[in-house]
Asker: 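Pasting a structure here, questions to come.
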Amino acid sequence: MTDFIIKSTLSLVVLLTVYFLFLEKEKMHVFNRFYLLFSLAFSLLLPFITIELTSTTHSIFNGKTLPGMLISNNPVVGDSTPYFRIIGWSIYASATLFLLLRFVRNLREISYKIRNNQTELFHNSKLVLLEEKALPHTFLNYIFINKEDYLNRKIEAELFAHELTHVRQKHSFDILIIEILKTIFWFNPIFVFYKKAIQLNHEFLADEKVVKSYNNVPFYQSLLIEKASENKTIYLASNLNYLVTKKRLIMMTKNTTMAKALFKKIALVPLFVLIIFFSCNKKTPKADDDMNVQEKVNNTADDDKTNTHKKVYNSAGIAQKPDFKGGISEFYAYVGENFKMPKQAIEANLKGKAFVSFIIEKDGSTSNVKLIRGIGMGTDEEALRVIKESPKWIPGEVDGIPVRVLYSLPITIRASEE
């Protein structure tokens with residue numbers, strides 16, 4: 001979960017910063033709408049993407065490939081209950097439930113207005129005629145307006161055109177999406193800024209439609225200024241948001257050339273590629289790394305021969321190789337059950353491989369357990385401990401006689417808080 005939050009948040013921040021600096025002030029509103037929505041989807045899916053820069057290989061010992069062992073169990077320190085985790089999830093669940101109930105309540109309030117007020121068909125939408133004073137605002141295909149103003153024809157055609165644009169372009173779905181995300185990720189303020197950016201972009205789109213339809217920018221600008229003080233923002237609805245009137249007035253008079261817009265769009269491609277590269281690449285052992293590991297293993301064998309004066313065979317060099325009782329899968333199961341993931345490795349969501357070599361003695365016990373390459377945070381020591389305490393193996397044999405055999409294994413470690 002920590003990895004997901006960090007990666008998605010960093011991506012969201014980078015993409016929104018790029019939007020504010022290079023896109024928001026350009027008259028390319030349809031593209032900007034797509035960019036904001038795509039940024040949300042891209043960032044939330046990013047933590048689930050893994051790109052391996054090199055082919056995945058396992059430790060190779062004298063031409064024999066030995067499969068890795070996956071360890072993903074969480075440590076149990078004594079028999080203590082993880083109170084902090086329980087409290088944390090309880091707080092999250094309570095806050096999420098509260099926001100979810102508020103979200104549902106606002107939907108019900110809108111539904112209540114629709115059911116309890118007069119409605120009329122209006123182009124591809126429905127007008128909801130309200131008794132209370134309210135500026136036009138939109139939700140889905142409903143446009144909410146004051147009944148008295150509508151009957152007395154006091155609502156300008158430009159305002160109707162503005163709201164119809166929200167309906168036809170289905171802006172309410174964008175708002176619903178961001179509100180759901182805000183409910184789930186309420187602890188992350190970045191979604192608040194995304195909502196503001198999306199809503200402002202909706203206003204730009206609606207203003208652009210009005211200006212093209214009526215071709216009277218000065219009148220429309222004066223109309224917005226006149227209505228600015230009357231605005232009351234309606235939750236979940238597309239409003240005439242006069243709090244950002246200045247930005248909207250400036251945008252109406254701006255012009256972005258096709259060449260400039262195309263350049264900025266193309267320039268975004270390497271941005272997404274770089275985000276994927278730095279967030280999703282998973283470094284795997286390269287061929288030369290494996291050769292280095294192999295060289296270290298061979299050196300270990302030479303040292304053992306010198307120090308013990310007892311011959312040590314390479315497992316690939318004998319016909320009757322050592323084996324674990326029940327097969328190598330049983331050995332993997334033993335390691336998985338007995339490996340206690342260090343707390344710091346879990347907190348860091350550590351992932352990687354530890355390469356270990358050891359000698360299987362004539363009686364099947366393990367000795368000379370050594371780390372060839374590790375990943376730290378206490379996992380290396382734990383890997384060595386588990387192998388040292390391993391149950392006895394079935395020893396290797398040469399001409400029917402048990403012999404000492406050097407063995408190596410990569411242990412794939414994946415720590416997780418979940």
Asker: Is a donor from one side chain sitting under 3.5 angstrom from an acceptor on the other, for S43 and S11?
Answerer: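 Judged by distance alone, the side chains do pair up.
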Asker: Kindly indicate whether the side chain of V405, heavy atoms from C-beta on, has any atom under 4.5 Å from the side chain of P395.
Answerer: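 Side chain of V405 against side chain of P395, heavy atoms only: no contact under 4.5 Å found.
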Asker: Given side chains that start at C-beta, do those of F38 and Y35 come closer than 4.5 Å, heavy atoms only?
Answerer: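 No, their side chains stay 4.5 Å or more apart.
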Asker: First locate atom OG1 of T119, then atom NZ of K126, and finally report the distance between them rounded to the nearest 0.5 Å.
Answerer: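 Going from the OG1 atom of T119 to the NZ atom of K126 covers 6.0 Å.
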Asker: If I take atom CG from residue D3 and atom CG from residue N349, how far apart are they, to the nearest 0.5 angstrom?
Answerer: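 Reported to 0.5 Å precision, the distance equals 5.0 Å.
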Asker: State whether the number of non-hydrogen atoms from other residues, nucleotides or ligands found under 6.0 Å of R108 atom CZ is greater than 12.
Answerer: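 Not more than 12 within 6.0 Å, no.
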Asker: Hey, does the side chain of T253 reach the backbone of I250 with a donor-acceptor pair shorter than 3.5 angstrom?
Answerer: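 Looks like yes, one N/O pair under 3.5 Å.
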Asker: Got a donor-acceptor contact below 3.5 angstrom from the Y220 side chain to the L249 backbone?
Answerer: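 The answer is no, because no donor-acceptor pair under 3.5 Å joins these two groups.
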Asker: Return yes when atom CZ of F98 has more than 12 non-hydrogen atoms of other residues, nucleotides or ligands closer than 6.0 Å, and no otherwise.
Answerer: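 Not more than 12 within 6.0 Å, no.
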Asker: Begin with the C-alpha distance, continue with both residues' side-chain angles, and end with the deciding distance and a verdict on side chain to side chain donor-acceptor pair (under 3.5 Å) for Q169 and H202.
Answerer: CA-CA 9 Å; Q169 296 185 4; H202 288 170; over 6 Å; no
Asker: Determine all donor-acceptor pairs shorter than 3.5 Å in which one atom belongs to a side chain in residues 140-150; sequence neighbours excluded.
Answerer:
unit_1	atom_1	unit_2	atom_2	d
N146	OD1	E148	N	3.1
N146	OD1	D149	N	2.8
N146	ND2	E132	O	2.9
K147	NZ	Q118	OE1	3.4
D149	OD1	K133	NZ	3.2
Y150	OH	E120	OE1	3.0

Asker: Using a cut-off of 6.0 Å, state whether more than 12 heavy atoms not belonging to K7 lie near its atom NZ.
Answerer: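 Atom NZ in K7 is crowded, with more than 12 foreign heavy atoms closer than 6.0 Å.
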Asker: Kindly determine whether F42 and F272 satisfy ring pair (Phe, Tyr, Trp, His ring centres under 6.0 Å), including the steps that lead there.
Answerer: CA-CA 9 Å; F42 173 84; F272 284 97; 5.0 Å; yes
Asker: Using a 6.0 Å cut-off, check whether atom CG of N116 has over 12 heavy atoms from anything other than its own residue.
Answerer: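 Enclosed.
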Asker: Please report the interatomic distance CD1(I175) to NZ(K182), rounded to the nearest 0.5 Å.
Answerer: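 These two atoms lie 9.5 Å from each other.
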Asker: Do R168 and H123 have side-chain heavy atoms sitting under 4.5 Å apart?
Answerer: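 Touching, per the 4.5 Å side-chain cut-off.
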Asker: Please verify the inter-ring angle class for Y407 with F358; under 30° counts as parallel, over 60° as perpendicular, anything in between as tilted.
Answerer: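 Y407 and F358: tilted rings.
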Asker: Taking the side chain as every heavy atom from C-beta outward, state whether I180 and F103 have any pair of such atoms under 4.5 Å apart.
Answerer: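 Yes, their side chains come closer than 4.5 Å.
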Asker: Measure the NZ-CG distance between K388 and N368 for me, rounded to the nearest 0.5 Å.
Answerer: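 Output value for this atom pair is 10.0 Å.
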Asker: Aromatic rings F185 and F187: how do their planes relate, parallel, tilted or perpendicular, breaks at 30° and 60°?
Answerer: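 The rings of F185 and F187 stand perpendicular, inter-plane angle above 60°.
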Asker: Please say whether more than 12 non-hydrogen atoms of neighbouring residues, nucleotides or ligands are located less than 6.0 Å from NZ in K254.
Answerer: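 Yes, enclosed.
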Asker: With a 4.5 Å limit on heavy-atom distance, are the side chains of F331 and D323 in contact?
Answerer: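 Of all side-chain heavy-atom pairs linking D323 with F331, none is under 4.5 Å.
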Asker: Is the side chain of E382 donor-acceptor paired with the backbone N or O of K340 at a distance under 3.5 Å, no angle test?
Answerer: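 Yes, because the side chain of E382 sits within donor-acceptor range (under 3.5 Å) of the backbone of K340.
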Asker: Between the side chains of E330 and K325, is the shortest nitrogen-to-carboxylate-oxygen separation below 4.0 Å, so that they form an ion pair?
Answerer: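 Salt bridge: no.
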Asker: Minimum heavy-atom separation for S8 to I5, with atom names?
Answerer: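 Of all heavy-atom pairs spanning S8 and I5, the closest is OG-O, 3.2 Å.
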Asker: What heavy-atom pair brings K370 and L384 nearest, and what distance separates the two atoms?
Answerer: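 Smallest heavy-atom distance, with atoms named: C-CD2, 3.7 Å.
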Asker: Within this structure, what is the CG-CG distance for the pair N106 and L101, rounded to the nearest 0.5 Å?
Answerer: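 Separation between the atoms: 11.5 Å.
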Asker: If the threshold is 4.0 Å, N to carboxylate O, is there a salt bridge linking K195 and E179?
Answerer: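 Here K195 pairs with E179 in a salt bridge, since their nearest N and O are under 4.0 Å apart.
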Asker: Run E389 and R385 through salt bridge (charged side-chain N to carboxylate O under 4.0 Å, His left out) and show every step you take.
Answerer: CA-CA 6 Å; E389 298 178 1; R385 181 194 67 79; 2.8 Å; yes
Asker: Nearest 0.5 Å please: distance from the CZ atom of F34 over to the NZ atom of K265.
Answerer: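 So the gap between those two atoms works out to 10.5 Å.
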Asker: Locate the shortest heavy-atom distance separating F339 from A383; write the atom from each residue and the value.
Answerer: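 It is CE1-N, 3.6 Å.
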Asker: If you look at every heavy atom in L135 and H137, which pair is closest and at what distance?
Answerer: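 In this case the closest contact between L135 and H137 is O-ND1, 2.9 Å.
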Asker: Going by heavy atoms in the side chains, are L159 and E163 under 4.5 Å from each other?
Answerer: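 With C-beta onward as the side chain, the pair stays apart.
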Asker: Looking at the rings of F324 and Y332, which for Trp means the six-membered one, are their centres under 6.0 Å apart?
Answerer: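 When the ring centroids of F324 and Y332 are compared, they turn out to be at least 6.0 Å apart.
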Asker: Could you point out which residue of K27, K264, H29, E26 forms a side chain to side chain donor-acceptor pair (under 3.5 Å) with T256?
Answerer: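 So the option named by the test is E26.
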Asker: Assess whether side chain to side chain contact (heavy atoms under 4.5 Å, CB included) is satisfied between D380 and V356, documenting all intermediate values.
Answerer: CA-CA 9 Å; D380 303 335; V356 180; over 6 Å; no
Asker: Taking side chain as C-beta onward, heavy atoms only, is N124 less than 4.5 Å from L164?
Answerer: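 A side-chain contact is absent here, since even the closest heavy-atom pair is not under 4.5 Å.
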Asker: Which atom names give the shortest non-hydrogen contact between L205 and T165, and what distance separates them?
Answerer: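 Heavy-atom minimum between the residues: O-CG2, 4.0 Å.
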Asker: Take F122 and F160 through the test ring pair (Phe, Tyr, Trp, His ring centres under 6.0 Å) and record every step on the way to the result.
Answerer: CA-CA 10 Å; F122 184 74; F160 277 122; 4.9 Å; yes
Asker: Quick one: do T366 and W393 satisfy side chain to side chain donor-acceptor pair (under 3.5 Å)? Show the steps, please.
Answerer: CA-CA 8 Å; T366 58; W393 290 58; over 6 Å; no
Asker: Under the criterion side chain to side chain contact (heavy atoms under 4.5 Å, CB included), I'd like the reasoning laid out for F31 against L268: C-alpha separation, chi angles, the key distance, then a yes or no.
Answerer: CA-CA 12 Å; F31 175 82; L268 292 172; 3.5 Å; yes
Asker: Assess the residue pair L15 and Y194 against the criterion (side chain to side chain contact (heavy atoms under 4.5 Å, CB included)); give the C-alpha distance rounded to whole Å, side-chain angles, the decisive distance to 0.1 Å, and a yes or no.
Answerer: CA-CA 10 Å; L15 294 176; Y194 266 90; 3.8 Å; yes
Asker: Looking at K113 and E109, is there a salt bridge between them, counting it only when a charged N and a carboxylate O are closer than 4.0 Å?
Answerer: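 Not counted as a salt bridge, because no side-chain N and carboxylate O are separated by less than 4.0 Å.
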Asker: Search all heavy atoms of L224 against all heavy atoms of M252 and return the closest pair with its distance.
Answerer: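 Scanning both residues completely, I find the closest heavy atoms to be CD1-CE, 3.2 Å.
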Asker: With side chains defined as the heavy atoms from C-beta onward, is the minimum distance between N32 and F204 less than 4.5 Å?
Answerer: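 No, every pair of side-chain atoms sits at 4.5 Å or beyond.
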Asker: Judged by modelled atom types alone, do H162 and E203 share a side-chain donor-acceptor pair under 3.5 Å?
Answerer: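 Per modelled atom types, H162 and E203 side chains form a pair under 3.5 Å.
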Asker: Would you sort out whether I413 and K353 count as a side chain to side chain contact (heavy atoms under 4.5 Å, CB included), showing the intermediate values?
Answerer: CA-CA 6 Å; I413 297 171; K353 290 182 180 180; over 6 Å; no
Asker: Report yes or no: does K321 contribute a side-chain atom to a donor-acceptor pair with the main-chain N or O of I318 at less than 3.5 Å?
Answerer: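 A pair under 3.5 Å: yes.
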